[in-house]
Each structure stands twice: as C-alpha cells, then as structure tokens.
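Inspection log for the structure reproduced underneath, given as structure tokens.
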Amino acid sequence: MTGFIILATFVGIIVVAFASIVQKRLADSVVFLMGVGLGSVVLFFLFKAPDVALTEAVIGAGVGTFIFLIALKHLGEQA
Amino acid sequence: MSSTLFIALPLLFGFATPLLSRLGKNALAYTSVLMQLSLLGLALSLLLAHSSTTVELISIAAPLGISFVLSTASLLMVLLFTLLMTLFSLYYLFQRRANAYANESKFFTLLNMLLAASIGLVLSSDIFNIYVFFEIAGISAYILSAYSKTALALESGLKYLLTGAVASIFLLFAIVLIYLHVGSLNLAVIAEQFQLLPYNVKLLISLLLLIGFGFKVEVFPLNFWVTDVYQGSTSLVNALFSGIVVKAYLFVFFHILYLFLSQGEFTLFLLYLGGVSMLVAEVAGLRQTNLKRLFAYSSLGQVALIFVAFAMQNIQAVQAAFFIVIAHSLAKFMLFLALASLEKTEQNMHIDRLKQIDSPFLMVMMFLAMLSLLGIPLFVGFVGKFLLLKSLAVEGMLTLLVMVVVASFIEAIYYFKLMGYMLHKGTRSEKVEVSLGEKMIFVSLGLSLLLLGVFPMSIAGFLQNAAEVLLDQTAYITLLVGG
Amino acid sequence: MNIKRDIPTATLSGFALSAVLVLTLITILLQYLPLSQQRVGDALLVLNEKEGVANVVTTVVVYFRGFDTLGEIAVLFIASLGVGLMLQPNTECRLKAESNFMLQTASTLLFPLILLFGIYVMVYGHLSPGGGFQGGVIIASGVLLLLISHKNFEVPHTVIVAFETVAGVSYVLIGFMGLLLLDTFLGNFIPHDIANMGMLLSGGVIPLIYIIVGIKVGSEMSGIVQNLMQRSDDV
Amino acid sequence: MFEFLNQPEVIKTIVTLGAMSLFFVGLFGLLTRKHIVKVFISIAIMESAIFLLFIGLSFNREKVAPIIDATQTQVATMNDPIPQAMILTAIVIGMAVLALGVSFAIEYYKLTGKTEIDTMNEMRF
C-alpha cells in the first residue's frame, strides 16, 4: 500500500499547492500552504524519516503558518 | 594552531554579545576589535610560519565528516578578510562618536557573524557545510543591508533576501543531486567520482551550482539586484559587501569549479559569461549620476574581471586574479569608506556634489583608489590587469582580450569624469571633517595600494603559490581522501 | 471561454517557462535515477555502533556533522536578532482584546503540559525521534499559546536573552573543550560506554549538546514569535 | 491491488514526478505572482519540493528508520541518516529566512504601503 499512499499524498499536495498559488484570498493561500506542510509530514513519515516529519510538523505547518498569518494581519488579505 | 579558531571565535563572540554589552558602553566595541586583531595576528603568524596545507577535523575523520582545509590560497583569503574587517571596525570606532549605529551591539554581532561565515566558506571542505555558511553570510548581509530601516534600506534588504532565498534553493538542489549520485558531501570525494557520472547529470549539477552561486558572484543575468542593494544600504556596509562578501563567494565558487566542474565547454561558457557581464556593467555604469550606484556598477565590472581571470584556469591568470582581488578589495573599501565619511550629512550623493566638497585629504585618497582601480602603473591594480592581459594574450583569447580592454576603457571614461568633478575649480562650500584615526586608516590603505604596486614581487611568489595550490586538484584529493 | 483574455500573457509565459525548465529536469532525473550505491551514510551507520547514540540522526546532526548544527544555530540567532531589530515593540499602544475566560484557563492549564512535552522531546532526542530543534519549537509554540490568550503575558526580554546567551556560549565552549582534550573541535570528551546505548545517560556529550540546542532554539523561537506578536498589537 | 506501486523503481519515479511537479508549481508562482506573501509562499513550496525529492529518493522501503531500539539493532537494515540530518538543518534555516523576510516586508509596508514586488522601486532617479 505504501506506494499508493505516496502517490495519493503527492497528488493531494500538488493540488493544494496549486490552489495556494492561484487563490485570490491570501488567508486561503496560507491555509492551503499549511496543507502542503501536513502532506509533507505524512510523506516524510512514509519515507522512514520520523525526525524530519516531526520537524516539518512543528516548523513547516506550525510556526511557519503563524508567521504567514502575522504577515497577513499587516499586509492586508487581498492579493 | 587551529584553523577552527577563525570561525569559532567570531561565532562565540556573536553569541556572547549580550553578556559583553552588559560590561559597559565601550567594552563590546573594544573586545570586538581586540578579537579581530588577535585573529589577524594568528593569520599573520601562520603566514610567516610557511607551513604546508593543514586539515582540521571536526568530530570524525576526513572523508566522512566535516573538515577545514587551510592552504596557502585559503590563508590568503582569511588574511584579507580579517585585515579588512579589523580596519572596518577601527574605522567605525573612530567615527562612532559622530554617527553611531542604533543598537550597536547587534551591529557588532552581525559583523562578526559575517566574518565567521566568510572565513567558513573559504575553509570548509564539505559542500553542505558550505551551504550553511552561505546562508549565514547571506542572512547577516540582508540585515546589514536593511539596518537603517528607511524605505530604501528595507527595499534593498528585501530584494537581497528574495534573490538570496532563490539562490539557496538552487544550491540546495545541486547538493541534493550530488549526494544522490555520488553518495558523499566531501569535496575531495566528489571531485574523485564526479567525472564518472553521466554527461547530462554533470551538466544539470553544473548549471544548478552556477545558478545558485551566480546570484552571489554577480554574473550577468543574475546580477539585477546588486545595484539596488548597494544603493539602499549605507556606504559603510557596502564596503563590506564589495570587499569581503563577494570575494568569499567568488573564491568558493571557483574552488568547487577547479575541483570537479572544470570541463572544456563549461569553462569556455563561463569565460564569455564573465566577459559579457563586464561589458554590460561598465556600459550601464556610464549614465549613472548617483555615486553609490556608480561604484556599484564599477564593482560589478571588477568582479566580472576577477571572474574572467579565475575562469582562465591557469596559474598566471589565477595569480592575476588574486592580484585583482587584493587591489579591488583595498580600493573599493577605501572608496566606500571615503563615501561614508562624505555622507555624514546626506545619504545618496549626486555626483555633482563632488564639486562642492572641500576636503583635500579625502579627494586625494579617492583619487588614489580610482587610479588603482583603473590600472594605472605604480598601483597594484595595474599589476593584476597587466598579468591578466598577458595571460589572455599567451592563450590566444583575442576576443576576451578586446572585451577586457574595451571594458577598462569605458570604466576609465566615467572615472575620469569623476576625477574632473573632483578637480573642478570653484568655490567649495561644504567642509568635511576627517578625524585623525580615519585619516590613518585611509593612509594605510592607500600606502598598501602603492607599495604593493611598486613592489609587486614582494607578494608575487606567495600569490603564485596560492594559485598553484588552488588549481592542484590531485593534491587536495590526496590530502583529504588519502593515497 | 477566451483563454487569451482571461489569463494575462505574463502568467502564460511564466507557466510555459517554468514548465519547460521542470520538464527538462524531470527528463534528466528520470533518465538517470540514482543507483543505491555505497553512500557515506552507511559508513556513518557502522561508525555509530562504536561511538553514537540510539537515534542515528541525532548522532549525525549533533556529532558527525556538528558544525552544521552550530551554523544553523547561528542562522536562527541572526534571524531572531534581525526580527527583533526590525520589529521593535511599541509598548504604548497595545490594543489586544481580552480573550475569553475559557481560553485563558485552558491555555494556562495546557502550557505546563506543552512545556513538559517539549522538554521530553528534547531530553529524549538521542533515543527517540525528536530532539533539540523540535523540542525547542514546541516550547516556543507553548509561549505562543499564552501570548495569544493572555493580554498582558510577556516573557521578559532579559530572560530570553539570558537563555540564548548561556546556551550559545556553552555550545562553543563545549566545542573548545573537545579541541583541548581530544584535538578535534566538538570532540566527544565525556566518557561514553557504548554498552549503555539506549539508556538516558549515554553518548557522552551528544545529549548534552542537543539539550543546549533545544534551549537555544526554544528561546530564539520564543523571541521571534513574541516580537511578531507584539508588533501586531499596535496596528 | 496496487502492489506494483511498491517496487523501488516505481516509487522513485513517483517521487521524482511528484516533487518536480511541486517544484514547478512553486517556480510558476515565483515567476508570475507579484504579492510579497505569494512570493514567500512560492519559495516555501519550492523548498518543500527539494526536501521531498531528497528524502524520497534516498530511502529504501525495505529498510527501517535509523533508530536503534530493542527490536532493531542491525545497521544494515537502516535507512541513510545523512539526508534526514541535512533536511532537518535546511528546514530550520528556511524558516529563519522566512521569518526575517516577513519582518522586512511588514516594516516596508508600514513605510510605503506597498506589497507588490513589481512596484518596489524607490531607487531609480
């Protein structure tokens, strides 16, 4: 099943990433980017890299999103 | 002695800054200068000891772990960086009472981090470690560029950061591919096995490395950000950018190139890339009216000249490259510091203001630096350009020879224009005070330009040795991997 | 639908350009998929049996490639310094609304747990997945929670700086100890019996350094988060 | 049913295609989007793509995570720890640069009110 889950997660990540790029509302973009981070966590876990998965979870999906949200609070929400 | 000290001490100093700034207002500044002076002393003693190339291990043995290689070539760069940084700190101390930076302790931290990262780039023999130092140097440079928090400074910092982030992605991509295909991160092991890879993979890795480093070594299509950054940052900081940071990136790029990227057509491509970026920079520099921007374009031209000289890949040309590196670092350092002295009243000087300023001392000093940059005999800039032209002629690369001559000619046009402004007869209203300490620094820089130009033989042997060491791929591999 | 009118030319050309670049990349990468040949990592795995700890990634990060981690700490340190420099808090106008009582109580209760979890991840970094970076960031996210929920909460600046300085200085000093005693920077100078692998007290200097890294990362990330938050209050 | 997807070659192909498509999305965003936050998002996506490519191409499904415990003591059956250590470092560095960039952007916006990178041209005169 590993191969299939990897394939499916990759497809999901790419769709979410594309949505994050083309989305007009920046808040949505940031939430989609968080989706990319979460998908990466799953993939890193499947790739037998629990340390990287943990790091990506706390940094990529956690603090990174917070930083982007702070940026939005200042810069306005429309692209 | 240990080469790790050159990196670890400035890092330690940076981490300990809050502690030191507790000790008093001046304690931090003086300890910083003291540490840089001791590093300079260490580098000089290593130079005088004439020791052969040494390898300093971190944690475990060489091909597996990180190691620092101190050869004649890297020692030369370390010496140059510590010397310039020490002079910079002294200059800053002398003019500090007049216009100190806000949050001075942070400024000193950034300076020392920049020094540590530049030396680390030069010494490291591990490509991922080079990536880490690449980032440290980059990130401290972004902050230094945006330091004054004006709109211009922030814009330049932001542009610097964005290009730097893109560059580091491409560099990381190249490192990833190298590890996947070679299975090692050590430069020597990569150098051994790189030639066995399929042609397309080699080409891809070379191009990715070129893009990654190309942003930082300011070659033609990737140097669009440079002049904006120079214009937005203060002149003081620009002295560091053109004196230290670019030189560190240039050195490490060509170090990697000589070790494993050097293949016929790729180096030929690099040669012409350098030639084109030189011409483009000089032509664009012609119509500039802002002094900082003008010097930035001249910097681009000179860096491209060094690029061409390094890309020639023979001992004479690399020796010439080292001469130009020294000449350009000293002269540009002097010009930007002089500009910083002039700019105490107003940022972003228009070139017309040179007619107004009444400070014969600074004028003479800028004159000296410009003459050296132009390659007038009796200055060290001449030695470098002469050796490069000779080597180009010997190799029969006439197109490049013409390119270098034409670029120098264009550069001469705008520098002569500036000199004309400086000699302009008329009433000079703006008096600029230069303290004795500042004068001493300018005089020592100017004297070294002259002395090295009059007696180039005093360092020619050392530079030739450095060029031989830098080009000798097999010695490097034997040193790190073993027979 | 008229494609030409709906999508600007710049977008189309950007799409085409990046597509061409990436297709070239994909072709080359797929044509020469890397073989599973001998890598340095395998040698390090073997070496780890003699002088490492149970989590090999930790050994690599902290010991075999220790200087990378020192550099990484430096990057984070400079970034936190830069954020602090750029966004100096303007304490006069802080207009944050008082948050819900429930939220306040819950976050006060949660914070010790998060702190404990962060410290656990940090201390057990050499035995299980996790370590200084992750633990430090978890602690910082606990601080973030308190910052969001409590109006007047603030980690004193001096505390952050003190932790940061002590951790950074002791990291480099441990490196120098290795240089003095074993002649390699960051050498493992504390006696470490390899038979103890898998125990909490094993690996000599490795868990010690990872805890230091955790303290440093935790204080720096808290500093970054706090600076960003405080600046956001005076909009 | 999807067993053929588990062969090492197939997994490597999936990882290459997937990571490069992600890289394409990021590059596309970088080239076409003008808002500064979008540019940072694009850079983050490109970075993630490189991370996934590296870990994905260097792992072996037959082997386990490089952590020694009571049940796993054979180093021969463990995955390569170096890519993981490298990516760990790279993730933290990427986040640091992102935080710094956002703080620059915020201050710049405070001073000039601009968020689009193609309008950031205070210089030229």
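No hydrogens, no waters, no symmetry mates; every other heavy atom, side chains included, goes into these values. Convention: sequence-line order gives letters A, B, ...; per-chain numbering from 1.
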Exercise. Under 4.5 Å, heavy atom to heavy atom, which residues of residues 205-215 of chain C contact chain D?
Worked result: C/Y210
Problem set entry | Criterion side-chain contact (heavy atoms from CB on, under 4.5 Å) on C/T11 and D/R33, from CA distance to verdict | CA-CA 8 Å; C/T11 313; D/R33 300 296 120 157; 3.8 Å; yes
Exercise. Any idea which heavy atoms bring C/S18 and D/L31 closest together, and the distance?
Worked result: CB-CD1, 4.2 Å
Seminar exercise, completed: Filtered by a 4.5 Å non-hydrogen cutoff, the part of residues 131-143 of chain C contacting chain D is C/F133, C/Q134
Exercise. Contact part of C/V22 toward chain D, heavy-atom cut-off under 4.5 Å: side chain, backbone, both or neither?
Worked result: side chain
For this session: For each of C/L30, C/L21, C/L25, C/I26, tally heavy-atom pairs with chain D at distances under 4.5 Å, and name the one with the top tally.
Result: C/L30
Problem set entry | Side chain, backbone, both or neither of C/L45 within contact of chain D (heavy atoms, under 4.5 Å) | both
For this session: Could you please state which residues from residues 17-25 of chain D sit under 4.5 angstrom from chain C, measuring non-hydrogen atom to non-hydrogen atom, sorted by number, or 'none'?
Result: D/L17, D/M20, D/F23, D/F24
Seminar exercise, completed: Interatomic distance, CG@C/L44 vs CE@D/M78, rounded to 0.5 Å, equals 13.5 Å
Please tabulate, for side-chain N and O atoms in residues 81-106 of chain D, each donor-acceptor pair with protein atoms closer than 3.5 Å (sequence neighbours left out).
unit_1, atom_1, unit_2, atom_2, d
D/Q84, NE2, A/K48, O, 3.0
D/T89, OG1, D/A85, O, 3.0
D/S103, OG, D/L100, O, 2.7

For this session: Select one option (side chain, backbone, both, neither) describing which atoms of C/A16 are under 4.5 Å from chain D's heavy atoms.
Result: neither
